[in-house]
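Atoms within a ligand are numbered from 1 in the order they appear, just like the ligands themselves.
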Amino acid sequence: MAEQLQQLILDTLDREKEIKDTRTLTIPGDAAPATSQEAQLVVQGALNSLLSKEMVTYSMQEAFAYALTQEGNDIADKGSHEAVVWSVLPLKGQGAPLSIKDLKQKVGDETAKIGQGRAFKNGWIAKEGDGLVKLTESIDDTTRNELAEIRATGTLAAGEKAIAELRKRKLVQQKKLLWFSAQKGSNFSTSLDKLETDLTAEMLQSGAWKTAKFKKYNFDAEGIPPNGGALHPLLKVREEFRNIFMEMGFAEMPTSQFVESGFWCFDTLFVPQQHPARDLQDTFYVSDPPESLPPPTDYYEKVQKVHTVGGYGSIGYRAPWSDADSRKLLLRTHTTASSSNLLWRLANRKGGFKPVKMFSIDRVFRNEATDATHLAEFHQVEGVVADYGISLADLIGFMQTFFKKMGIHNLRFKPAYNPYTEPSLEIFAFHPMLDKWVEIGNSGMFRPEMLAPMGLPDGVQVLGWGLSLERPTMIRYGINNIRTLVGHKVSIDSVEKSAAVRF
Ligand code: PHE
């Protein structure tokens, strides 16, 4: 039908040059012209399709008109209730008055009721004895006449006031009229070509593409709605970690900064500039822009000093210092860069230092050889607590509570080394499936060489721990190759089917 309608439009335009009112068209398959609003929408579909091929142009026309309700139509056919009542009564003095009961029987209860009132008001009828008579030989049934006029013309010469009255009586309603006027377009023709939607190999081979007509892109078309999204397993586990931290009263730190400077990622954390982790082989450096904005001068000088000559009871590294290394831009190798920035802000905040418990879960990058369990980017889960007089016992306590909420009840701690923490502890848990103790995190008490230059008050200690998001996710979902969790080999199906996580 759609094509027949398009053809009809083209033929009509060919014959008449213009279609002023598409309501005059008869949609193929229908008997009557397309006057209803729904029919006009069908016509619009056909016009749009022709418009996209530039075969026609069209404009939409709208108007309001009045139409009769069911009752209005009845009255236009048979006369108003009052006229019907009047018509069945005998003229005064020319017969026995009609009793109300007989009137009801003749014209029906409803017409008798409504009609009597109006007929009295109009002075058409009167009471005589127990019955009714009519007073005039002829009447002018304005209601009926007005309704007939509206039915024929869609409006009323008597004006809006009379229409409003009829609308109040629910005899007339307002109706929106919709139609289109169409003209020939720049590609007008009466033959409907089937336009190509794809350039195929066959068309290229045969050369048919040279003469083929292609359908234009419709940039206004709405896309196919996706039938639902699904959270990636990493996001589900991340949410679970978030909940654990929130339950423990931690707040999330801002970490939306993948690019950091050598200063924030390493120097402030008392990582010596000669440390192998800072090598090209371990860290991705950014070449453009060539360097970071200058770090805060006062703090920068203190950091440089503690590295080169020491202070706060430390002898420092006593190794050469390079401003350039400090200003190098890199993809952060750990979220501890953000933690460090946060602690510095905390030390320098207007109202003075306040104890905090903060966490972050975000992406980090390391220039590592990739294998089944390592990628060059992964997520770190990190917790930091800063307060007066906290100790290694608090660190161990926090980690025990934290991992217990993950269902890990037995932890072991092994002394380790981080340039920024002392003591440092690696965290191990027993893995029943693997039947051995596996490393699940890294932690420590931040060193004075890191905290003191920031200006944190005396007696404030900071503890922290970190772990990867990928490792527990792989264990939780029984995944043994990280490439099936992250990257282009991930099956969307497995993401959609991945179960919710509750540790
Ligand atoms: N930054 C450490 C890592 O990358 C984790 C850590 C955070 C360790 C805080 C101690 C304190 O493994």
- Quick one: list whatever passes ring pair (Phe, Tyr, Trp, His ring centres under 6.0 Å) with Tyr317, sequence neighbours left out. Phe270, His307
- Query: When you measure from the side chain of Asn481 to the backbone N and O of Arg483, does any donor-acceptor pair fall under 3.5 Å?
  - Reply: yes
- Apply ring pair (Phe, Tyr, Trp, His ring centres under 6.0 Å) to Tyr217 and list each qualifying residue two or more places apart in sequence or on a separate chain. Phe219
I'd like a table of the close N/O pairs between ligand 1 and the protein (anything under 3.5 Å), one pair per line with both atom names and the distance.
| unit_1 | atom_1 | unit_2 | atom_2 | d |
| --- | --- | --- | --- | --- |
| ligand 1 | 1 (N) | His334 | ND1 | 3.3 |
| ligand 1 | 1 (N) | Thr336 | OG1 | 2.7 |
| ligand 1 | 1 (N) | Tyr420 | OH | 2.9 |
| ligand 1 | 4 (O) | Arg366 | NH2 | 3.0 |
| ligand 1 | 4 (O) | Gln380 | NE2 | 2.8 |
| ligand 1 | 12 (O) | Asn442 | ND2 | 3.4 |

- For the residue pair Phe180 and Tyr58, does the interplanar ring angle fall in the parallel (under 30°), tilted (30 to 60°) or perpendicular (over 60°) class? perpendicular
- Is the shortest heavy-atom distance from the side chain of Asp394 to the side chain of Val385 under 4.5 Å? no
- Query: Under the salt bridge (Lys or Arg N to Asp or Glu O under 4.0 Å) rule, what pairs show up with a residue in residues 52-62, not counting sequence neighbours?
  - Reply: Glu54-Lys216, Glu62-Lys176
